[in-house]
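Below is one structure; the comments refer to it alone.
Note that the coordinates shown come from a computational prediction; the quantities given were computed from them, not determined experimentally.
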Amino acid sequence: MMTLLKTFLKLPKCSAVIRAFSSENHVQEVSIPVPWGEIRGKWWGPTDQRPILCLHGWQDNCGSFDRLLPLLSRNIGYLAVDFPGHGFSTRIPVGCFYNITVFLLTVEYIRKYFSWPKVSLLGHSLGGATSLIYSLMYPDRVDMLTCMDIHLPLWPKHHVSLTSNIIEDFPRSNEFLASKKEPPSYRISEIKKKLHASLSESIQIKCVKYIMNRNLAPSKIHPEKYYFTRDPRLKQCEMFCFTNAELSKNAPNIKCPVFLLRASSHGTYHEKFYEILEVFKKNGIECVFRFVKGTHHVHLNNPETFAEDLNTFLLKNYNAENRSLSNVKEDVFVNEEDDVRIKESFN
């Protein structure tokens, strides 16, 4: 992990206040430079104030927030980014390995690029775990935390066998990537079914297009077919980092307001989740917990089921810290006329 680290280190009810975003005027494609390339994403709403940083789940992209963010206050800015190897963001170098450090570094590079004294984090699944861990490590750098359907504990029972399987599989993915061969391609109808079938049919068919728009490229070999552009090495990504004891020990570090969301079909919830919830409450910080009916991607499928509660939480805490300067730079915005990837639509 140290080798990899050195490589990279070179309110009122929302129904009364919500105003819908205009796709032409309030959502802009952005590109943020990092040592291995760029982090891409979409900036929703005002750019003259520090936004909420939105982090998606494993093998998704920032399109997973396309149905939630329009339901939230237009007076708040949101920067939804693609993690490395996802969406339009650059993959890490050949031979390197994805783990939680890569995603934590992404948050830190973004914070430093804009010279933000603090970050406000909103994450789903992997993005939620990244947000939680970053907050545990740097509590003074986080002023608001929203975690949607994250997995706890962060250290599995069969860690040794899982890690050995990852090590066995990684060389094959790395060799395929180095060969620059085109991945298997499929028709759009097949891709929709594949995305729907993954994670126990977590994403509804009608919603898979929001992931597809930043996740596919046309095949150069098979006309009318597309292939997945996400990095194949993500399948060997290791995201385990905190044991139960470490999680409990460091949870009191978090001092900012917290919003936690759990989906009903996530499965049996580990007792550690509720232990952390109690720690937050005993710590005297504001902690809002919502249990909603839906799948792991409820924020994409049915965001209206909790958007009002989330919006109330955000409006209450958004201006608790100084947000007068976003330190946004004009060259961060991408000219959509010059970027054919943005024009693709798989509706």
Side-chain angles (χ1 to χ4, degrees), residues 4 8 27 29-44 53-69 78-94 96-110 113 121-131 133-134 147-151 166 170 173-174 176-177 183-184 191-192 194-196 198-199 202-203 207-217 226-239 296-297 299-300 332 334 339 341-342 344 346:
L4 180 63
F8 287 109
V27 183
E29 184 78 12
V30 298
S31 173
I32 302 165
V34 288
W36 63 95
E38 63 177 345
I39 294 297
R40 292 287 293 268
K42 295 192 284 188
W43 193 310
W44 299 69
L53 182 61
C54 304
L55 307 174
H56 63 79
W58 178 63
Q59 296 201 82
D60 290 344
N61 53 65
C62 70
S64 73
F65 297 108
D66 281 3
R67 299 191 72 223
L68 172 62
L69 298 184
Y78 310 89
L79 175 56
V81 298
D82 297 330
F83 272 132
H86 299 75
F88 296 161
S89 289
T90 308
R91 298 171 173 180
I92 62 175
V94 174
C96 292
F97 181 76
Y98 286 97
N99 61 22
I100 194 65
T101 306
V102 174
F103 307 119
L104 291 168
L105 278 167
T106 300
V107 175
E108 185 63 1
Y109 271 121
I110 293 172
Y113 177 76
L121 298 171
L122 185 157
H124 167 248
S125 193
L126 167 63
T130 300
S131 299
I133 297 166
Y134 187 90
C147 298
M148 300 186 295
D149 220 40
I150 61 174
H151 293 269
I166 287 173
F170 177 76
S173 293
N174 199 62
F176 179 81
L177 192 64
I191 289 175
K192 287 183 176 180
K194 283 181 173 293
L195 285 173
H196 172 62
S198 63
L199 294 176
S202 179
I203 305 177
C207 295
V208 295
K209 63 183 179 181
Y210 297 101
I211 302 298
M212 291 166 58
N213 282 335
R214 301 177 75 89
N215 211 11
L216 300 179
Y226 295 79
Y227 61 87
F228 289 101
T229 55
R230 61 197 180 198
D231 196 325
R233 291 172 294 173
L234 290 169
K235 293 181 179 180
Q236 289 85 46
C237 178
E238 186 177 43
M239 296 171 279
H296 183 52
H297 283 82
H299 73 297
L300 178 58
V332 77
V334 175
D339 197 324
R341 293 176 297 179
I342 301 174
E344 284 288 7
F346 303 101

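One finds the CG atom of Asp231 at 10.5 Å from the SG atom of Cys96 (value rounded to the nearest 0.5 Å). One finds the CG atom of Leu300 at 9.5 Å from the CG atom of Leu68 (value rounded to the nearest 0.5 Å). Rounded to the nearest 0.5 Å, atoms CD1 (Ile92) and CG (Leu105) are 10.5 Å apart. For the atom pair CD1 (Ile110) and CD (Glu108), the distance works out to 10.5 Å, reported to the nearest 0.5 Å. Here the NZ-CH2 distance, from Lys235 to Trp58, works out to 8.0 Å after rounding to the nearest 0.5 Å. Taking CD1 from Ile133 and CG from Leu121, the interatomic distance works out to 12.0 Å, rounded to the nearest 0.5 Å.
Residues forming a ring pair (Phe, Tyr, Trp, His ring centres under 6.0 Å) with Phe103 (at least two apart in sequence, or on another chain): Phe83.
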**OP:** I would like to know whether Ser89 and Ile39 meet side-chain contact (heavy atoms from CB on, under 4.5 Å); could you show each step before the answer?
**Re:** CA-CA 5 Å; Ser89 289; Ile39 294 297; 3.9 Å; yes
**OP:** Could you walk me through whether Phe97 and Phe170 pass the ring pair (Phe, Tyr, Trp, His ring centres under 6.0 Å) test, one step at a time?
**Re:** CA-CA 8 Å; Phe97 181 76; Phe170 177 76; 5.4 Å; yes
Original post:
Could you go step by step and tell me if His299 and Phe65 meet the ring pair (Phe, Tyr, Trp, His ring centres under 6.0 Å) rule?
Top reply: CA-CA 7 Å; His299 73 297; Phe65 297 108; 5.7 Å; yes
Subject >> From CA spacing to verdict: side-chain contact (heavy atoms from CB on, under 4.5 Å), Arg214, Thr229 >> reply: CA-CA 8 Å; Arg214 301 177 75 89; Thr229 55; over 6 Å; no
Original post:
Arg40 and Val334: side-chain contact (heavy atoms from CB on, under 4.5 Å), yes or no, with the steps?
Top reply: CA-CA 9 Å; Arg40 292 287 293 268; Val334 175; 3.9 Å; yes
Original post:
Val27 and Leu69: side-chain contact (heavy atoms from CB on, under 4.5 Å), yes or no, with the steps?
Top reply: CA-CA 10 Å; Val27 183; Leu69 298 184; over 6 Å; no
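Nearest heavy atoms, Pro183 versus Phe176: CA-CZ, 3.7 Å. The nearest pair of heavy atoms linking Phe228 to Leu195 is CE2-CD2, 4.0 Å. The two residues Trp36 and Thr90 have their closest heavy-atom pair at O-CG2, 3.2 Å. Residues Cys147 and Gly128 approach most closely at SG-O, 3.5 Å, considering heavy atoms. Taking all atoms of both residues into account, the shortest heavy-atom contact from Leu55 to Ser131 is CD1-OG, 3.5 Å. Here the closest heavy-atom approach between residue Leu177 and residue Arg91 is recorded as CD1-NH1, 2.6 Å.
Of the possible polar contacts, none joining the Arg233 side chain to the Gly85 backbone as a donor-acceptor pair under 3.5 Å is found. Formation of a donor-acceptor pair under 3.5 Å by the His86 side chain with backbone atoms of Pro84 is found in this model. A donor-acceptor contact shorter than 3.5 Å links the side chain of Thr106 to the backbone of Val102. No donor-acceptor pair under 3.5 Å is formed between the side chain of Trp44 and the backbone N or O of Asp66.
Taking 4.5 Å as the limit, every side-chain heavy atom of Gln59 sits out of range of all side-chain heavy atoms of Asn215. With a 4.5 Å cut-off on side-chain heavy atoms, Val81 and Cys62 do not count as touching. Phe88 has its side chain out of reach of Glu38: every pair of non-hydrogen atoms, C-beta onward, lies at least 4.5 Å apart.
Between the side chains of Ser64 and His297, not a single donor N or O lies within less than 3.5 Å of an accepting N or O. Side chains of His296 and Asp149: a donor-acceptor N/O pair is present below 3.5 angstrom, by distance only.
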